[in-house]
Amino acid sequence: MMAKPTLRHLKKEATEQSLAIAAFELALEHGLDGFVVEDIVQKAGYSRRTFANYFTCKEEAVAMGATAVHNTAEFENLLTMIPPNTSLLDVLYQLIQMQLTADLIGRLRELLLLSKKYPVLEPHFLGVLHHMQTTAQETLLDLSNGNDDEVYTYLLINAVYGIILPLIDGRLNVLLPGQKKTDHPSTEAVAFDEFLETMFGHLRKGF
């Protein structure tokens with residue numbers, strides 16, 4: 001059973017997200033060179049000392065801002081509604097559907113474009129993808145409660161999350177949530193939901 005976050009934890013998480021979102025919005029608006037940490041703390045309403053408690057640099061905050069979610073409690077509530085006898089693969093399928101929203105994919109693409117323009121952002125971009133993956137690992141291991149083999153759990157996670165980068169950077173011929181056929185360079189692009197069904201179909205068959 002997933003532990004319920006404490007009020008202190010929720011407040012810290014809210015502070016971190018507010019700073020990260022402010023940094024990401026400033027980067028989109030002014031470019032990475034168009035603002036400093038002082039601008040971030042003023043926009044978010046915190047002190048420079050508070051910023052230093054959460055981030056080592058503005059680039060780290062910008063990257064975190066792309067994946068920050070305003071309502072993690074709602075996400076956790078959705079996870080608790082998954083029936084206890086659901087297979088690990090189906091839990092992962094629902095987790096991916098909850099996580100990879102049109103909004104998140106759009107922000108990750110914006111972050112990818114920023115990292116191409118400002119290479120100093122690239123390790124932080126890869127860092128947030130890794131954070132998404134490790135968070136999913138912890139969630140699945142927690143929901144599994146020791147009922148599934150850990151090797152199988154890690155294998156599933158790496159198979160699914162390893163495809164996120166080529167999905168975001170356009171190497172996969174997939175129509176992402178929010179995209180129209182006219183927005184995609186290829187007329188043969190498959191819909192995102194169809195792509196998910198195909199991917200998990202392969203996993204259910206054992207690749």
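Just so you know, these numbers use all the heavy atoms, side chains as well, and skip hydrogens, waters and symmetry mates.
- The side-chain heavy atoms of V62 and F55, taken from C-beta on, include no pair separated by under 4.5 Å.
- Counting only heavy atoms from C-beta outward, the side chains of L167 and F195 approach each other to under 4.5 Å.
- Between L111 atom CG and K116 atom NZ the span is 11.5 Å, to the nearest 0.5 Å.
- Under the 4.5 Å side-chain heavy-atom criterion for grouping Ile, Leu, Val, Met, Phe, Trp and Tyr, L126 is connected to V120 within one hydrophobic cluster.
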Next on the checklist: What verdict does the side-chain contact (heavy atoms from CB on, under 4.5 Å) test give for H124 and L114, after you've listed the backbone C-alpha separation in whole Å, the side-chain angles of each residue and the deciding distance to 0.1 Å?
Outcome noted: CA-CA 11 Å; H124 300 287; L114 281 170; over 6 Å; no
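- Criterion: ILVMFWY side-chain heavy atoms under 4.5 Å apart, direct or through other members. Under it, L113 and L129 are not part of a common hydrophobic cluster.
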Next on the checklist: Determine whether T50 and N53 satisfy the following criterion, side chain to side chain donor-acceptor pair (under 3.5 Å), listing intermediate values before the conclusion.
Outcome noted: CA-CA 5 Å; T50 300; N53 289 336; 4.9 Å; no
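- Here the CG-CG distance, from L32 to L121, works out to 5.0 Å after rounding to the nearest 0.5 Å.
- Y93 contributes atom OH, which lies 15.5 Å from atom CG of L88 (distance to the nearest 0.5 angstrom).
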Next on the checklist: The test is side-chain contact (heavy atoms from CB on, under 4.5 Å); show your working for L196 and I96 and say whether it passes.
Outcome noted: CA-CA 9 Å; L196 280 186; I96 285 290; 3.8 Å; yes
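- A salt bridge links R204 with D90: the closest approach of a Lys/Arg side-chain nitrogen to an acidic carboxylate oxygen falls below 4.0 angstrom.
- When side chains are defined from C-beta on, K43 does not count as touching F35, because their heavy atoms never get closer than 4.5 Å.
- Remark: R171 CZ is packed, more than 12 non-hydrogen atoms of other residues, nucleotides or ligands lying under 6.0 Å away.
- When side chains are defined from C-beta on, D33 counts as touching Y118, because their heavy atoms get closer than 4.5 Å.
- One finds the CG atom of L89 at 6.0 Å from the CZ atom of F200 (value rounded to the nearest 0.5 Å).
- At a threshold of 4.0 Å, the pair D103-R107 counts as salt-bridged, since one of the basic side-chain nitrogens sits closer than that to a carboxylate oxygen.
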Donor-acceptor list for residues 18-31 side chains, cut-off 3.5 Å, not counting sequence neighbours:
{"residue": "S18", "atom": "OG", "partner": "A14", "partner atom": "O", "Å": "2.9"}

N/O donor-acceptor pairs under 3.5 Å from side chains in residues 153-164, not counting sequence neighbours:
{"residue": "T153", "atom": "OG1", "partner": "D149", "partner atom": "O", "Å": "3.1"}
{"residue": "N158", "atom": "OD1", "partner": "Q133", "partner atom": "NE2", "Å": "2.7"}
{"residue": "N158", "atom": "ND2", "partner": "Y154", "partner atom": "O", "Å": "2.7"}
{"residue": "Y161", "atom": "OH", "partner": "Q99", "partner atom": "OE1", "Å": "2.6"}

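- When side chains are defined from C-beta on, L175 does not count as touching F192, because their heavy atoms never get closer than 4.5 Å.
- A distance of 10.0 Å separates CD of Q17 from OG1 of T15, quoted to the nearest 0.5 Å.
- Taking each heavy atom of Y54 and E16 in turn, the nearest pair found is CD2-CB, 3.6 Å.
- When all heavy atoms are compared, the tightest approach of L104 to A66 is CD1-O, 3.6 Å.
- A pairwise comparison of heavy atoms in V128 and M64 identifies CG1-N, 3.8 Å as the closest pair.
- In this structure, OG on S47 lies 9.5 Å from CD on E38, to the nearest 0.5 angstrom.
- Between P123 and E59, the closest side-chain pair of non-hydrogen atoms is not below 4.5 Å.
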